[in-house]
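Heads up, the thing below is written out as structure tokens.
Numbering of residues begins at 1 and proceeds along the displayed sequence. A quick note: this is a predicted structure, and the numbers were derived from the prediction, not measured.
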Amino acid sequence: MKKLLITKQAGIVLLCAVIASACSDQTATTNSNAEASSTASVQSTAAASSTKAASTDLIQKVEYADDDKYTDWSSSNPTEIKLNGTGASINGSGAEVKESTVSITAAGTYVVSGKLDNGQIAIDVKDKGTVRLVLNGAEIYNNSTSAIFVEEAGKTIISLQEGTNNLVSDGKTYVYPDASTDEPNSAIFSKDDLTINGAGKLVVQGNYNNGITSKDKLKITGGTLDIHAIDDALMGRDLVAVQEGSMTIEAGGHGIKTTKDTEGSEGYIDIAGGSFNINSGEDALHSSGGLHINGGDMHINAGDDGINAEVSIAIAGGTIDIAKSNEGIEAPTVVISDGKTSVVSSDDGVNISSGDAEAAGGGGPAGPGGNQSGAASSNKLTISGGNLTVDSKGDGLDSNGSIAMTGGTVIVNGPTENGNGPLDYDGTFVMTGGFLVAAGSSGMAQATSEQSTQPGVLMTYSKAQQAGAMVHLEDSDGNTVLTFTPPKSYQSLFVSSPTIKKDASYTLSSGGTSTGSQVNGLYDGGKYQGGTKVVDFTTSSVITWLSESGVTAARSGMGGPGGNRGQGGGRGGMPPAGGGEPPQKTQ
């Protein structure tokens, strides 16, 4: 199912250029391993090379200054702020206390300890200097506004002293000077750049709205953060970047979010490392522009999307476990080049959507040589490496545009109902390398496109197979192509592998056992035995369409030759077993 997003064409072009550069070497290697044709390999390499120079200029590189990571404060002649319940004592310059408010008005290092029952650390440095606020066993509560508020500073660095526990909490209601004022609105609020580092722990209780907000750039390079927020947990207008640290997030809204939506300079999320446990009522990660993950260990339970960006998503490393989501990964452009990603979704696993084509009432998919009127040609899912596992109730891989796969391993356990399919694309799905297996319902099942250079087989069963029923594919010499146990019932299964050849003989079996090692239902090595032969067949084209009786013709409108895209939102295809009209695909 498709959900409308805002199209950001400039950002899409930027990511496409970036990814071509990042993945050019891997694409060439994967194509070689997959024994793709030399022509396809040359074309792929040439396409990547042509955009490499441009991508170097366009990529949004996140830079960290030395003071973003530096945490030593003992030699910097710090000002000591000792909180004492209703006020504070100050030893040093640059800060003063008035009633329960500690005001910092000069650049420098300030070390805070003790407890403030109902007060605030307020930073207002007019000359835009850098303020380092060291939390050294501090508890700061405020009943009516932010506990830490940066009105103005060049940059504020909150350093968490190693071995200390710190807490910042705001009230459930805020008192503003007038009706037109709506900020600050979070327990820690900064109008300028904010960095959090160190080796201590910080608990943030955002009882009014957000947990930590920067109206500019928010960077995290260390520390243990435990954030509870009524709405968004971590929010940066221009940037949220995490290099290291450990984060536990409980958010009523988004877990991590950027908000700037100026076309061409949208907000950006960059995850290079750290560990994350995110429970959100909305998206776990939501970027108003691009989103880049190349490291870290992420565990997500989301009320809406696991990872969502309005322009682009690039996954180039790390471990991502989306255990609960509506749609797992969603953006107009998604590129997966490395890492280990697992998605469980109540709707689509990976959804490529920009909004324009869907709002215009686009139709079903086009086969090779078919029309693509209404398909958003700039929307694209590209997979060149890594491991992706999808368990979806909606479409497994869903592109309102096209899909390209040159490497990596993808396992799709798609829907059991015929209104969706394991694979769903409106343009083409060109596969030149990698390994793909997709199991699910048959009513909307698609194979990869005939333009692919790596062969594939789509098996459609006359009736649904039981969950856990092993399927085994081997060649005439007894070499295993696939041993797989889908965890849900399935009536179609598509597999594309470098070991599948044209004009070769194969046997598909069901049931039995394997002594190989198993990950996500896919077996590696070992011996298969005890199964029942379903069908023998010989591949004669790039895509072989198969049933229990043998090779069949490709289905019109489902990726076969000459299939025309439907009109008015429907999607053509073969009726499910038992006859009747084909189910209508909702957008």
Subject >> pair Ile320-Ile329: side-chain heavy atoms closer than 4.5 Å >> reply: no
Original post:
Can you find a heavy atom in the side chain of Pro332 that is under 4.5 Å from one in the side chain of Asn379?
Top reply: yes
Subject >> Full working for side chain to side chain contact (heavy atoms under 4.5 Å, CB included) between Asn209 and Ile230 >> reply: CA-CA 5 Å; Asn209 194 31; Ile230 294 298; 5.6 Å; no
Subject >> Distance, nearest 0.5 Å, that separates CD1 of Ile315 from OG1 of Thr341 >> reply: 4.5 Å
Original post:
Nearest heavy-atom pair of Gly206 and Ala187: which atoms, and what distance?
Top reply: CA-CB, 4.3 Å
**OP:** Hey, could you give me the OG1/CG distance between Thr258 and Leu218, rounded to the nearest 0.5 Å?
**Re:** 11.0 Å
Original post:
With sequence neighbours excluded, what pairs up with Phe435 under the ring pair (Phe, Tyr, Trp, His ring centres under 6.0 Å) test?
Top reply: none
Original post:
Asn142 side chain to Ser144 main-chain N or O, any donor-acceptor pair under 3.5 Å?
Top reply: yes
Original post:
Can you find a pair of side-chain heavy atoms, one from Asn351 and one from Asn400, that are under 4.5 Å apart?
Top reply: yes
**OP:** Quick one: closest heavy-atom pair of His254 and His286, and the distance?
**Re:** ND1-CB, 3.8 Å
Original post:
So, do Asn185 and Asn210 sit near enough that their side-chain heavy atoms are less than 4.5 Å apart?
Top reply: yes
Subject >> Reported OG-to-CE distance for the pair Ser342 and Met298, which is rounded to 0.5 angstrom >> reply: 13.5 Å
Original post:
With sequence neighbours excluded, what pairs up with Ser74 under the side-chain hydrogen bond (donor to acceptor under 3.5 Å, both in side chains) test?
Top reply: Asp72
Subject >> Which residues share a side chain to side chain contact (heavy atoms under 4.5 Å, CB included) with Ala316, sequence neighbours left out >> reply: His292, Asn294, Ser337
Original post:
Sequence neighbours excluded, which residues qualify as salt bridge (charged side-chain N to carboxylate O under 4.0 Å, His left out) partners of Lys340?
Top reply: none
Original post:
For Gln518, does the CD atom sit with more than 12 other heavy atoms under 6.0 Å from it, leaving out its own atoms?
Top reply: yes
Subject >> Test salt bridge (charged side-chain N to carboxylate O under 4.0 Å, His left out) applied to Asp232 - qualifying residues, sequence neighbours left out >> reply: Lys257
Subject >> Flag for Thr221-Asp68: side-chain donor and acceptor within less than 3.5 Å >> reply: no
**OP:** Output yes when a side-chain donor or acceptor of Asp305 lies under 3.5 Å from a complementary backbone atom of Gly328, and no otherwise.
**Re:** no
**OP:** List for me each residue that meets side-chain hydrogen bond (donor to acceptor under 3.5 Å, both in side chains) alongside Tyr208, sequence neighbours excluded, and say none if there are none.
**Re:** none
Under 3.5 Å, sequence neighbours excluded: what are the donor-acceptor pairs made by side chains of residues 234-252?
residue, atom, partner, partner atom, Å
Ser246, OG, Ser275, OG, 3.3
Glu250, OE2, Asn279, ND2, 3.3

Subject >> Partners passing salt bridge (charged side-chain N to carboxylate O under 4.0 Å, His left out) against Asp297 (at least two apart in sequence or in another chain) >> reply: none
Subject >> Within 6.0 Å of CG in Asp178, more than 12 heavy atoms from elsewhere >> reply: yes
Original post:
Which pairs count as side-chain hydrogen bond (donor to acceptor under 3.5 Å, both in side chains) when at least one residue sits in residues 83-101, sequence neighbours excluded?
Top reply: none
Subject >> Spatial distance of atom CD (Glu183) from atom OH (Tyr176) [nearest 0.5 Å] >> reply: 8.0 Å
Subject >> Heavy-atom side-chain contact between Arg132 and Asn197 under 4.5 Å >> reply: yes
**OP:** To the nearest 0.5 Å, tell me how far Glu139 CD sits from Asn165 CG.
**Re:** 9.0 Å
**OP:** Would you name the heavy atoms of Ser399 and Lys380 that are closest together and state the gap between them?
**Re:** OG-CA, 4.5 Å
Original post:
Once you round to the nearest 0.5 Å, how far does CD of Glu330 lie from CG of Asp348?
Top reply: 8.0 Å
**OP:** Look at Lys155 together with Asp216 and state whether they make a salt bridge at an N to O cut-off of under 4.0 Å.
**Re:** no
Original post:
Less than 4.5 Å apart, any side-chain heavy atom of Ile188 and any of Leu194?
Top reply: yes
Original post:
So do the side chains of Ile196 and Ile212 get within less than 4.5 Å of each other, counting heavy atoms only?
Top reply: yes
Only distances under 3.5 Å count here; give the side-chain donor-acceptor pairs of residues 119-127 to other protein atoms, sequence neighbours excluded, each with its distance to 0.1 Å.
residue, atom, partner, partner atom, Å
Gln120, NE2, Ser146, O, 2.7
Asp124, OD1, Lys126, NZ, 3.2
Asp124, OD2, Lys126, NZ, 3.2
Asp127, OD1, Gly129, N, 3.1

Original post:
Any side-chain heavy-atom pair from Ile256 and Phe276 closer than 4.5 angstrom?
Top reply: yes
**OP:** Assess whether atom NZ of Lys260 is packed by more than 12 heavy atoms of other residues, nucleotides or ligands within 6.0 Å.
**Re:** yes
Original post:
Taking only residues two or more places apart in sequence or in another chain, which ones pass salt bridge (charged side-chain N to carboxylate O under 4.0 Å, His left out) with Lys217?
Top reply: none
**OP:** Can you sort out the partners of Ser169 under side-chain hydrogen bond (donor to acceptor under 3.5 Å, both in side chains), two or more places apart, ordered by chain and number?
**Re:** Gln205, Asn207
